[in-house]
Amino acid sequence: MKRLYLIGGPMGVGKTTVCRALQRRLERSVFLDGDWCWDAHPFQVTEETKGMVLENIVFLLNNFLRCFAYDHVIFCWVLHQQAILDGLRARLNTRDCQVRAVSLVASPEALAARLEADIRAGRRNRGALERSLAYLPLFGALETEKLDVSALTPEEAAAHLEET
């Protein structure tokens, strides 16, 4: 049976890195980062662009789910609202597929430390820290499995996702 991993979490928690590690562990896997479906300059959040990115994600995920070459489809995005998760799931053909929705979370201190390192390295701007910390409490209300990655390496988090 095919398995779809829907991995959410605040910016900077390590979604992409954990998903890359999970992809390396799982044979016949494919990985999509939702940010790749919305990589524009300038970045604009409008009703049109929000609809477009969801169409892009649904199209790609459904194609991966249909493709016999893959047993594991891994997707990550912030996924901070239940409505986003529910809307996405409603549009995906997950018949004969096990769906696993997981929110990667961390303590505010661990999340801030990761983001500060990204800011120092020039990968993120200072505003990302405030936005990410503001989003963190939203994940507690979601109907997802929570995986606290505060003290886990990406490889340890991926191992947990693979084993459970």
Side-chain angles (χ1 to χ4, degrees), residues 1-40 43 53-80 84-85 88-89 91-125 128-129 131-132 135-136 138-140 142-164:
M1 177 176 282
K2 203 170 279 244
R3 190 174 228 191
L4 171 63
Y5 296 83
L6 300 174
I7 310 293
M11 295 170 288
V13 78
K15 295 179 301 293
T16 300
T17 307
V18 168
C19 287
R20 283 271 183 225
L22 181 61
Q23 183 186 25
R24 287 189 301 273
R25 296 178 71 89
L26 299 174
E27 290 298 317
R28 297 172 45 96
S29 63
V30 62
F31 168 50
L32 174 66
D33 187 321
D35 289 347
W36 301 337
C37 298
W38 203 354
D39 188 358
F43 182 74
V53 74
L54 285 171
E55 287 292 325
N56 290 344
I57 290 167
V58 167
F59 176 81
L60 288 168
L61 288 177
N62 274 327
N63 278 340
F64 291 147
L65 290 169
R66 241 188 330 266
C67 184
F68 290 109
Y70 306 117
D71 292 330
H72 306 276
V73 178
I74 306 163
F75 172 68
C76 75
W77 204 25
V78 173
L79 300 172
H80 63 295
I84 295 171
L85 272 166
L88 187 60
R89 287 180 83 160
R91 297 170 64 188
L92 294 175
N93 182 0
T94 56
R95 185 181 52 242
D96 301 322
C97 179
Q98 181 184 13
V99 179
R100 184 153 179 220
V102 180
S103 295
L104 302 183
V105 295
S107 69
E109 297 80 15
L111 182 58
R114 291 176 187 203
L115 286 161
E116 289 286 354
D118 283 354
I119 292 165
R120 282 191 304 276
R123 291 187 292 268
R124 296 186 193 273
N125 63 36
L129 176 60
R131 285 191 311 276
S132 186
Y135 276 33
L136 185 58
L138 301 176
F139 294 92
L142 299 179
E143 297 169 11
T144 60
E145 173 189 340
K146 310 305 184 282
L147 178 58
D148 188 332
V149 296
S150 298
L152 299 179
T153 66
E155 291 74 22
E156 290 168 334
H160 175 80
L161 291 171
E162 178 187 24
E163 293 166 1
T164 56

Test item: Asn62 side-chain N/O and Asn93 main-chain N/O as donor-acceptor pair under 3.5 Å = yes
On the 0 to 90° scale, with breaks at 30° and 60°, tag the Trp38-Phe43 ring pair as parallel, tilted or perpendicular.
-> tilted
Before accepting this row, confirm whether a basic side-chain N of the pair Glu55/Arg91 lies closer than 4.0 Å to the acidic partner's carboxylate O.
-> yes
So which heavy atom on Leu79 is nearest to which on Ile7, and how close?
-> CD1-O, 3.8 Å
Closest non-hydrogen atom pair between Ala157 and Val149, with its separation = CB-CG1, 4.0 Å
Using atom types as modelled and distance alone, determine if a side-chain donor or acceptor of Arg100 lies under 3.5 Å from a backbone N or O of Leu161.
-> yes
Of all the heavy-atom pairs spanning Cys19 and Ile74, show the shortest one and how long it is.
-> SG-CG2, 3.6 Å
Main-chain N/O of Ser107 paired to Ser150 side chain as donor or acceptor, under 3.5 Å | yes
Does a side chain donor of either Lys15 or Thr17 reach within less than 3.5 Å of an acceptor in the other side chain?
-> no
Does atom OH of Tyr135 have more than 12 heavy-atom neighbours from other groups under 6.0 Å away?
-> no
Any sub-3.5 Å donor-acceptor pair from Asp33's side-chain atoms to Thr16's backbone N or O?
-> no
Any donor-acceptor N/O pair, Thr153 side chain to Glu156 backbone, under 3.5 Å | yes
Between Phe64 and Tyr70, how do the two ring planes meet: parallel, tilted or perpendicular, split at 30° and 60°?
-> perpendicular
Under 3.5 Å: donor-acceptor pair, side chain of Ser132, backbone of Met11 = yes
In short, Leu136 meets Pro10 closest at the heavy-atom pair CD1-CG, 3.8 Å
Under the 3.5 angstrom rule, does the side chain of Asn125 hit a backbone N or O of Ala128 as a donor-acceptor pair?
-> yes
Check Gly8 against Phe139 and note the closest heavy-atom contact, atom names and distance.
-> C-CE2, 4.3 Å
So does Arg24 pair up with Glu155, basic N to acidic O under 4.0 Å?
-> yes
Taking Lys2 for its side chain and Phe68 for its backbone only, find out whether a donor-acceptor pair lies under 3.5 Å.
-> no
Side chain Arg3, main chain His72, donor-acceptor under 3.5 Å = no
Is there a donor-acceptor contact under 3.5 Å from the side chain of Ser29 to the main chain of Leu26?
-> yes
Verify side-chain contact (heavy atoms from CB on, under 4.5 Å) between Trp77 and Ile57, making sure each step is shown before the conclusion.
-> CA-CA 10 Å; Trp77 204 25; Ile57 290 167; 3.7 Å; yes
